[in-house]
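When reading the values below, keep in mind they use all heavy atoms of this one structure, side chains included, and skip hydrogens, waters and symmetry mates. FYI, the numbering just counts along the sequence from 1.
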Amino acid sequence: MALAFCGDEGNSTAYNVDHGVLNNGCFVDALNVVPHVFLLFITFPILFIGWGSQSSKVHIHHSTWLHFPGHNLRWILTFILLFVLVCEIAEGIVSDGVSESRHLHLYMPAGMAFLAAITSVVYYHNIETSNFPKLLIALLFYWTLAFITKTIKFVKFCDNGVGFSQLRFCLTGLLVVLYGMLLAVEINVIRVRRYVFFKSPKEVKPPEDLQDLGVRFLQPFVNLLSKGTYWWMNTFIKTAHKKPIDLKTIGKLPIAMRALTNYIRLNEAFEAQKNKRSPSPQGSRSIWRALCCAFGRPLLLSSTFRILADLLGFAGPLCISGIVHNVGKGNNTIRPQTKILGVFFISSQEFLSNAYVLAVLLFFALLLQRTFLQASYYVAIETGINLRGAIQTKIYNKIMQLSTSNMSMGEMTAGQICNLVAIDTNQLMWFFFLCPNLWAMPVQIIVGVLLLYYLLGISALIGAAVIIVLAPVQYFVATKLSQAQRSTLEYSNERLKKTNEMLRGIKLLKLYAWEHIFHSSVEETRQKEMTSLKSFALYTSISIVNRKRPAREDWNNYSSHTRRPINITEADDFCVKITNGFFTWTPEGPPALSNIDIRIPQGQLTMIVGQVGCGKSSLLLAILGEMQKISGNIFWSSCTSDSETGEDLGTPGLFVYSRKRGSVAYASQKPWLLNATVEENITFESSFNKQRYKAVIDACSLQPDIDILPHGDQTQIGERVSKQLWASIFDDPFSALDIHLSDHLMQEGILKMLREDKRTVVLVTHKLQYLPHADWIIAMKDGNIQREGTLKDIQKSETELFEHWKTLMNRQDQELEKETIIESKTVLERTNLRRTMYSREALLKDDEEDEEEVTESDDEDNLSSVLHQRAKMPWRACGKYLSAAGILLLPLLILSQLLKHTVMVAIDYWLARWTSEAISEKTDLELKNCSQCEIFNHSPYSKMFSILCCLGIVLCLVTSIAVEWTGLKVTKKLHSSLLNKIILAPMRFFETTPLGSILNRFSADCNTIDQHIPATLECLSRSTLLCVSALAVISYVTPMFLIALVPLAIMCYFIQKYFRVASRDLQQLDDSTQLPLLSHFSETVEGLTTIRAFRYEAKFRQKLLEYTDSNNIASLFLTAANRWLEVRMEYIGACVVLIAAVTSITSCLYRKLSSGLVGLGLTYALMVSNYLNWMVRNLADMEIQLGAVKRIHGLLKTEAENYEGLLSSSQIPQNWPDRGEIQIQNLSVRYDSNLKPVLKHVNAHISPGQKIGICGRTGSGKSSFSLAFFRMVDTFEGRIIIDGIDIAKLPLQTLRSRLSIILQDPILFSGTIRFNLDPEKKCTDSMLWEALEIAQLKHVVKALPGGLDAIVTEGGENFSQGQRQLFCLARAFVRKTSIFIMDEATASIDMATENILQKVVMTAFADRTVVTIAHRVHTILNADLVIVMKRGVILEYDKPEVLLEREDSVFASFVQADK
């Protein structure tokens, strides 16, 4: 066929210029080419030069600074322009198809315009990012020329009678409007910024974010095309494949997305709600209003995108319907009747009756629909993440204002707060993500039903009726799912609480042989959780069948409360003064402290003494404002300098102060360390002073410990690694230290360092030998002040009390001899500490590394091999998971999946065949014009269709149940195996493995295996099989499609390969940045008193903001990476649809393919993008989730203790040991086979009923001695014989259950007092009361509501440290075994109570063997025998009186030092 610009028909009017040149259509079209050619010639050289200079750009803001007015409008207009030009090209081709020769002028100008439009936006982008506005003049001329030429064409159409019925007229009119608007945008840029024709352009500075090279999250700053396609992520994804992603890689958050910015926005919304309504609006409604006010606008934008996407989603079925209809008629376009200016014009109806046109429109509709959908998802998640950051900051602000009673009385636990932060804020975030569905889904349903009614008639209403009827069923199932999920969560929390307590008290459980009790308790809760999970699985299966100012100032304003100063007329000779003070923990509770009238002298040492539970710690907390004041006043003088103050954020209205209290250094009784370096823990946010830092370390004897840590004082610690640090207010700091360390800390730290600095020091202590050093003493009793004054004052006025103290001190009224000889820990114990630290580091690393990962080597190829491992799928872990399902479930799972998808394809194929036959029969009848012909019989088709549908429903149910049951079986097996392994693991394992690491296996990893892996596995197998079946159906319908499939498959492979690596890194980063955030919350809760005492609230808030922003930036990058993948997969899916449509139409027209199969192929093609997306996403999710399986399998390799013994239960006497005789023969023990011995060749004989005292400096092997009796350490030489039986031959359970021990650290479990004393339920009430009486606790328990059944909160927080220790003593007394070991058990008890206990032990246990390991050597002066240990060997072994008489006796020197 002839090809010419104006056509070459013989009598063509195309070249006729009789009525003027402008009345010739071909000339007008040629004239329209001129602006486009002009732009292409002008801009191409500039673009190449521009791109060349791009490579020299260094600063981020150069390539992303979009600052011209009307930027977004220009991009939107350009996209619309491109679409209209594509329509113009298509219209030209279709209308020219009926001509005898080709008229290039109908579509070539549009093609040139399309190229020019793309060039214009690229050119504009380079001008804007390079900030070279003078070059805008080229675009100004182009838009002007294009507007003029297109207007001429439009006017000529009007002159020649072309109207709205012709599509070309409408398209030309649209182009005139678009070119006019783009010209207006260009003029506006030049006018506003005074560019091009103006001498002095307006200066504009880039935003602060873009000047900061640390900001790498560029989504808010890039152009619309990059925003919609996440093009800016390409470099990031590629970099991730070469180098692992870390916090440095992802950089900082833009200012608008930071937690502080969003917190201020949320707070403003809350304030607005308060001003609108009541002074203090309560309830969730006002919170929702505030949230909607603060974050509603982006949510509205997301919903708009979603509704647009849903409406565009209907274009797919409509286009497929049109294609099937048109190809059924042979794609015969109605021949256009209108011929003007020598060419044919067609209407829009004629245009849309072309199948190829519909295929192209379907392609564009899919691109647009998928872009809008992903934009909706991104905006919703981004809003949710911003909201989460604001809520977390709000919660933290509230925590800072919580009263201590909220925590100690169990109203709010650290676990609850962590759940609030980790789970609830995330749930709120995901609610915002799903919010657009609430109004988008009704729109979908309504439009869908209307569309079906238009296509199918009354049948659509029947389908809608079925949906309405099934709605209650769906609601019922959803309700049950929600209930099952809620109960699962409750049981899971209960199980974790029990597991946490079990792990924290594991040493006690092993020593008391109580593992089985706590194991059974956890298993019982797990069974309830499994029952709930089964319900959840069942309803899930059913549901599957049913479904188809400056910011910083604002922050300070919000978070600070000023207190009203009170004028004080008294002299400022005190630091703190309380007058007539009554204090309580709870508003309705009785006063814990009464009639408090004290003063603490300024610049002096004040000591507070008294028995256990008398209120010493409470008095300190009352001074610091941590207790609720019923009456009285607290006055602070100016002794606390404001230079050290942080923000004052105590609860308003509770306290009255003379002045705003400054920073007070406070050391709580319970050790509290930050999850930070040793140096950061010691300096504690203060400015670093090297000289003072060294002096503090020396005073605390910390240097030897620091020397052996892996990285010195830069080692990260999160558990109890260091000793007591210095402060100004001390709450019993000596309880955990031996006499030498206590002495050194007292002499060098408190008396020398702090006192000489004229610091005001308040010291709570039970060590009465230090009283002569006190400038001021406060004696307490039963929550009251018994006496205050100097030691001489008390000696004169309270002679009885003074004599009592003298007796307890076991000394005359003389100065304490200064014992300065300090022997630090032995090399052996320090080596153990070093090994512990290194083991922890190694284990933490093991958690993060893959099992298959190659070992570290110095090879140059090491990095590439590691990167290769990162790109691999963890198939081995997947195999372990599936193999745990068993030999029966696995084949059922695979077979049911294959059968289900085969039936699904068969249903669709049968429907297509049925449709084709019916249409063919109808067409034949119309052609024959036969009224008497036999009507098509639908019966066999409908029967077969019904059978296939029923079979499909059954197989869906079977598949879903198989997947859920597999998940349940695996999770049950793995949890049970893990619990058994952990509970039986040796003590060394718990000493070298961080508690958090083990707990994470039971919490996060078990939760992943319980709920996430089964769902992901089902989704992955479904999406994979659907994708394969869809591609198979398309290939069957049009084999030509396979040729195009190859490049698309290669693209998919590389996209998923790059995405999986980046996604895994980002997911791990998201998880790892959440841990410091949660740790910071729990640290804050535990150290709230200390933080508020130091006035460090502002510093800790700043830390929170940093942690929150780190977590949020990781989440945002992960979201952007997911959108990056989905957009690309959706676009590939759109390409699949386009190729499938074109090949199907061509096959139908030239190979007589049935229209039903064309419809089937296109329907499947339409779903490919979704399946591709889900397949890759689920693959990435599965890869991350299988990490949980790997980590649990790693712990399952832990070797258990040998619980079996050589002797059977019948060979062991029922009452063994009945006498308590102990023979130690050549005993050598170690903590691990690769460590040096801690006891070396120890020999001793302990007669029945003897009282033995063991003493020695820290690290001498005292505690190891006691642990050897319980086989808690490795006995590699020698033996221990108790009552004639070698303990190595006994089963561990039997041995440990027949001995009793009290540890230094008091451990109580949540529950009742009865449970804590006798969890085995073997004792009567009278036996329990007897034990409590011995432990001096009977009066305390009797006063509690419930008595023995009174509640003990988590960790025994509702009792003082000393009371907890006494409960532990009572627990041991209950057992009434013949051998009783006390391992520094009275360290936290005052000396008076300790003396009473020692007497009770000596009398009540006169017939029992008692082994006492002592810090305070005076406690063992009445022992029958004393063993002095040094470096794992017995140094002295004799009666105490004999050892005291010897001049060179080490024991005698200990006694002298303890005076």
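Shown here for R495 and T525, the closest heavy-atom pair between the two residues is N-CG2, 3.6 Å. Closest approach of A1335 and A1370 over heavy atoms only: CB-CB, 3.8 Å. Across all non-hydrogen atoms, the minimal contact from I1381 to S1266 is CG2-CB, 3.8 Å. Residues S1297 and A513 approach most closely at N-CB, 3.8 Å, considering heavy atoms. Contact between A1331 and V1374 at its shortest, heavy atoms only, is CB-CG2, 3.5 Å. When every heavy atom of G967 is checked against every heavy atom of P1014, the shortest pair comes out as CA-CG, 3.7 Å.
Of the possible polar contacts, none joining the S1300 side chain to the R1375 backbone as a donor-acceptor pair under 3.5 Å is found. Panel note: side chain D1274, backbone R1230; no donor-acceptor pair is recorded below 3.5 Å. Not a single donor-acceptor pair under 3.5 Å links the side chain of S521 to the backbone N or O of I517. In terms of modelled atom types and a separation under 3.5 Å, the side chain of E1199 and the main chain of K1197 share no donor-acceptor contact. Not one N or O on the side chain of R1314 forms a donor-acceptor pair closer than 3.5 Å with the backbone of L1348. Side-chain N or O atoms of R1364 include one that pairs as donor or acceptor with a backbone N or O of F1359 at under 3.5 Å.
For the side-chain contact (heavy atoms from CB on, under 4.5 Å) test, residues two or more places apart in sequence or in another chain that qualify with S532 are S487, T488, Y491.
Taking 4.5 Å as the limit, some side-chain heavy atom of V1341 sits within range of a side-chain heavy atom of F1367. A 4.5 Å side-chain heavy-atom check between L1207 and T1294 finds every atom pair outside the cut-off. Using a 4.5 Å heavy-atom threshold, the side chains of R1371 and N1316 count as touching. Using a 4.5 Å cut-off on side-chain heavy atoms (C-beta onward), L974 and H1193 make contact.
Within 6.0 Å of atom CH2 in W1329, more than 12 heavy atoms from other residues, nucleotides or ligands are found, so the atom counts as buried in its surroundings. Crowding of K972 atom NZ: a count of heavy atoms from other residues, nucleotides or ligands under 6.0 Å not exceeding 12.
A salt bridge is absent between E1201 and R1271; no separation between the charged side-chain nitrogens and carboxylate oxygens falls under 4.0 Å.
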Margin query: Between K497 and E501, is the salt bridge (Lys or Arg N to Asp or Glu O under 4.0 Å) condition met? List the steps.
Written below: CA-CA 6 Å; K497 185 182 174 185; E501 284 199 320; over 6 Å; no

Next item on the list: Please report the C-alpha distance between Y1231 and S1264 in whole Å, then the side-chain angles of each, then the deciding distance to 0.1 Å, and finally whether the side-chain hydrogen bond (donor to acceptor under 3.5 Å, both in side chains) criterion is met.
Entry: CA-CA 9 Å; Y1231 281 97; S1264 306; 2.9 Å; yes

Margin query: I'd like to know whether H975 forms a side-chain hydrogen bond (donor to acceptor under 3.5 Å, both in side chains) with R1001, so could you lay out the CA-CA distance, the side-chain angles of the two residues, the decisive distance to 0.1 Å, and finally the verdict.
Written below: CA-CA 9 Å; H975 183 274; R1001 302 297 82 82; over 6 Å; no

Next item on the list: Applying salt bridge (Lys or Arg N to Asp or Glu O under 4.0 Å), run through R526 and E529 and close with a yes or a no.
Entry: CA-CA 5 Å; R526 179 64 175 172; E529 190 183 359; 3.2 Å; yes

Next item on the list: Could you go through the side-chain hydrogen bond (donor to acceptor under 3.5 Å, both in side chains) check for E1018 and S960 one step at a time?
Entry: CA-CA 8 Å; E1018 197 275 334; S960 184; 5.8 Å; no

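Between the side chains of T1008 and Q1185, no donor N or O sits under 3.5 Å from an acceptor N or O. Checking E1333 against H1339 by side-chain atom types alone, no donor-acceptor pair falls below 3.5 Å.
Ring-plane geometry between W514 and Y512 is classed as tilted, the angle between the planes lying from 30 to 60 degrees on a 0 to 90 degree scale. Relative ring orientation between F1309 and F1315 is described as perpendicular, the plane-to-plane angle rising above 60° on a 0-90° scale split at 30° and 60°.
Remark: L1299 CG to I1282 CD1 distance equals 5.0 Å, nearest 0.5 Å. One distance of note links CG of L1292 with CD of E515; it measures 8.0 Å at 0.5 Å rounding. From I1307, atom CD1 reaches atom CD1 of I1302 across 12.5 Å, with rounding to the nearest 0.5 Å. Considering CG of D1005 and NE2 of H1012, their distance stands at 11.0 Å, rounded to 0.5 Å. To the nearest 0.5 Å, atoms CG (L1290) and CD (E1204) are separated by 12.5 Å. Between the CG atom of L1332 and the NZ atom of K1342 there is a distance of 10.5 Å, given to the nearest 0.5 Å.
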Solution key, residues 976-987 side-chain donor-acceptor pairs under 3.5 Å, sequence neighbours excluded:
residue: S977; atom: OG; partner: K973; partner atom: O; Å: 2.8
residue: N980; atom: OD1; partner: H519; partner atom: NE2; Å: 2.6
residue: N980; atom: ND2; partner: S976; partner atom: O; Å: 3.1
residue: K981; atom: NZ; partner: T1198; partner atom: O; Å: 3.2

